[in-house]
Enquirer: 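First the structure, which I've put down as structure tokens, then a few questions once you've had a look.
Count residues from 1 along the sequence.
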Amino acid sequence: MSDAKNTKSGRHEERVQAFFLLFEQLFQKDNMELIIEDAKDARDAEVGKYTRTLINGVEEKREELDKLIEANLKGWKLRRVSRVSLTIMRIAAYEMQYIDEVPVSVSINEAVDIAKEYATPADGAFVNGVLGSIAKQTGKSGDK
């Protein structure tokens, strides 16, 4: 049982790290490798394999993910969404669409937890609603 907890905790930390790196990239126009090197130097950050999967995937699929998110905003425009919430939703949407071994409910719950931790409880509810809508729209709302 502790192995499952460690894996969950490890994945959570890797999601948080992906969030930090992708969020930082919004403000620095450097490529991700430079941002990773800066993080290693400044924070002794070790970038894990899953973190790299997430950041590379979000970078590669950003336009597609943004369209998917915007289509599920219900009366909002993407530019009105906070950068924190948008970064979190990009990561979760990428997981939901491209990483089959992660249940959709886990992606959504992790995103909500990260939003509550690094934004506000209202952001958590907002992220939950948008990602739930994406799950329904894409037919991935039922975990297998």
Side-chain angles (χ1 to χ4, degrees), residues 5-144:
K5 185 175 184 347
N6 288 339
T7 300
K8 180 191 180 296
S9 175
R11 281 269 171 104
H12 176 79
E13 292 307 315
E14 292 212 49
R15 286 180 184 98
V16 169
Q17 189 173 56
F19 161 69
F20 285 148
L21 293 167
L22 288 164
F23 185 74
E24 190 171 332
Q25 189 180 39
L26 295 174
F27 298 95
Q28 296 183 17
K29 300 305 177 194
D30 294 335
N31 71 40
M32 186 53 74
E33 286 308 314
L34 274 171
I35 292 170
I36 289 170
E37 286 305 314
D38 287 346
K40 286 179 180 178
D41 292 343
R43 301 185 297 264
D44 292 327
E46 285 299 319
V47 177
K49 181 179 176 185
Y50 193 66
T51 298
R52 284 192 181 272
T53 296
L54 293 174
I55 58 179
N56 291 337
V58 168
E59 284 188 299
E60 179 183 330
K61 302 289 186 181
R62 179 170 290 156
E63 188 175 317
E64 179 184 319
L65 296 170
D66 286 356
K67 286 179 185 174
L68 182 62
I69 293 166
E70 188 163 37
N72 287 278
L73 288 176
K74 295 183 175 68
W76 283 60
K77 295 288 183 197
L78 198 64
R79 68 180 183 274
R80 288 191 58 214
V81 176
S82 77
R83 290 178 181 186
V84 170
S85 292
L86 181 57
T87 303
I88 292 166
M89 288 189 291
R90 283 174 174 159
I91 293 166
Y94 178 79
E95 274 189 328
M96 292 164 63
Q97 297 294 65
Y98 298 104
I99 303 180
D100 292 334
E101 71 266 11
V102 176
V104 169
S105 61
V106 170
S107 296
I108 294 172
N109 288 337
E110 284 286 317
V112 169
D113 288 347
I114 293 168
K116 287 178 181 177
E117 187 172 351
Y118 295 100
T120 69
D123 287 290
F126 177 71
V127 164
N128 186 52
V130 174
L131 294 175
S133 179
I134 289 171
K136 287 178 188 163
Q137 176 195 344
T138 59
K140 295 189 176 199
S141 56
D143 287 332
K144 294 178 182 173

Enquirer: List the atom of Val81, the atom of Leu86, and the distance in Å for their closest heavy-atom pair.
Expert: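 Reported closest heavy-atom pair: CG1-N, 3.8 Å.
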Enquirer: If you compare all heavy atoms of Val127 against all heavy atoms of Ala115, which two are closest, and at what distance to 0.1 Å?
Expert: CG2-CB, 4.1 Å
Enquirer: Mind listing the closest non-hydrogen atom pair of Ser107 and Glu95 along with its distance?
Expert: OG-OE1, 3.0 Å
Enquirer: Calculate, to the nearest 0.5 Å, the distance between atoms CD1 and NZ belonging to Ile69 and Lys67 respectively.
Expert: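 Taking CD1 in Ile69 and NZ in Lys67, the distance rounds to 13.0 Å.
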Enquirer: Hey, could you give me the CG/CE distance between Asp66 and Met89, rounded to the nearest 0.5 Å?
Expert: 9.0 Å
Enquirer: Mind checking whether Thr87 and Val58 have side chains closer than 4.5 Å, heavy atoms only?
Expert: no
Enquirer: Please collect all ring-ring contact (aromatic ring centres under 6.0 Å, His included) contacts where either partner lies in residues 54-86, sequence neighbours excluded, each pair once.
Expert: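 Listed by first then second residue: Trp76-Phe126.
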Enquirer: I'd like to check Thr138 versus Val104 (side-chain heavy atoms, cut-off strictly below 4.5 Å). Are they in contact?
Expert: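 Side chain of Thr138 against side chain of Val104, heavy atoms only: no contact under 4.5 Å found.
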Enquirer: If every non-hydrogen atom of Gln17 is compared with every non-hydrogen atom of Thr51, which pair is closest and at what distance?
Expert: OE1-OG1, 3.2 Å
Enquirer: Would you please test Arg11 and Val102 for side-chain contact (heavy atoms from CB on, under 4.5 Å) and show each step?
Expert: CA-CA 10 Å; Arg11 281 269 171 104; Val102 176; 3.4 Å; yes
Enquirer: State, with a plain yes or no, whether a side-chain heavy atom of Tyr50 is found less than 4.5 Å away from one of Arg15.
Expert: yes
Enquirer: Does the side chain of Gln97 pick up a donor-acceptor pair with the side chain of Glu64 at under 3.5 Å?
Expert: no
Enquirer: Apply side-chain contact (heavy atoms from CB on, under 4.5 Å) to the pair Tyr94 and Ile91, showing each step before the final yes or no.
Expert: CA-CA 5 Å; Tyr94 178 79; Ile91 293 166; 5.8 Å; no
Enquirer: For Ile99 and Leu54, what are the C-alpha separation, side-chain angles and deciding distance, and is it a side-chain contact (heavy atoms from CB on, under 4.5 Å)?
Expert: CA-CA 9 Å; Ile99 303 180; Leu54 293 174; 4.0 Å; yes
Enquirer: Does the side-chain contact (heavy atoms from CB on, under 4.5 Å) test come out yes or no for Val84 and Ile114, once each step is laid out?
Expert: CA-CA 10 Å; Val84 170; Ile114 293 168; over 6 Å; no
Enquirer: Please tell me if the side chains of Met96 and Ile108 come closer than 4.5 Å, counting only heavy atoms from C-beta onward.
Expert: yes
Enquirer: For Thr120, is there any backbone N or O sitting under 3.5 Å from a side-chain donor or acceptor partner on Asp123?
Expert: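 It does hold such a pair.
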Enquirer: Look at the aromatic rings of Tyr118 and Phe19 and report parallel, tilted or perpendicular, splitting at 30° and 60°.
Expert: tilted
Enquirer: How close do Ala71 and Gln137 get, counting heavy atoms only, and between which atoms?
Expert: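 Answer, listing the atom of Ala71 first, then Gln137: CB-OE1, 4.5 Å.
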Enquirer: Only counting residues at least two apart or in another chain, list the ones meeting side chain to side chain contact (heavy atoms under 4.5 Å, CB included) with Glu60.
Expert: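 Applying side chain to side chain contact (heavy atoms under 4.5 Å, CB included) to Glu60 gives none.
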Enquirer: For the atom pair CZ (Arg90) and CZ (Arg62), what is the distance rounded to the nearest 0.5 Å?
Expert: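 Rounded to the nearest 0.5 Å, the CZ-CZ separation comes to 4.5 Å.
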Enquirer: Taking all atoms of both residues into account, what is the closest heavy-atom pair of Ala111 and Ala92, and its distance?
Expert: CB-CB, 3.7 Å
Enquirer: Report the distance from atom CZ of Arg52 to atom CG of Leu21, rounding to the nearest 0.5 Å.
Expert: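 Those atoms lie 9.0 Å apart.
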Enquirer: About how many Å separate CD of Gln25 and CD1 of Ile55, when rounded to the nearest 0.5 Å?
Expert: 8.0 Å
Enquirer: Given side chains that start at C-beta, do those of Leu22 and Glu59 come closer than 4.5 Å, heavy atoms only?
Expert: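 Yes, their side chains come closer than 4.5 Å.
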Enquirer: Closer than 3.5 angstrom, by distance alone: can the side chain of Ser133 be matched with the main-chain N or O of Gly129 as a donor-acceptor pair?
Expert: no
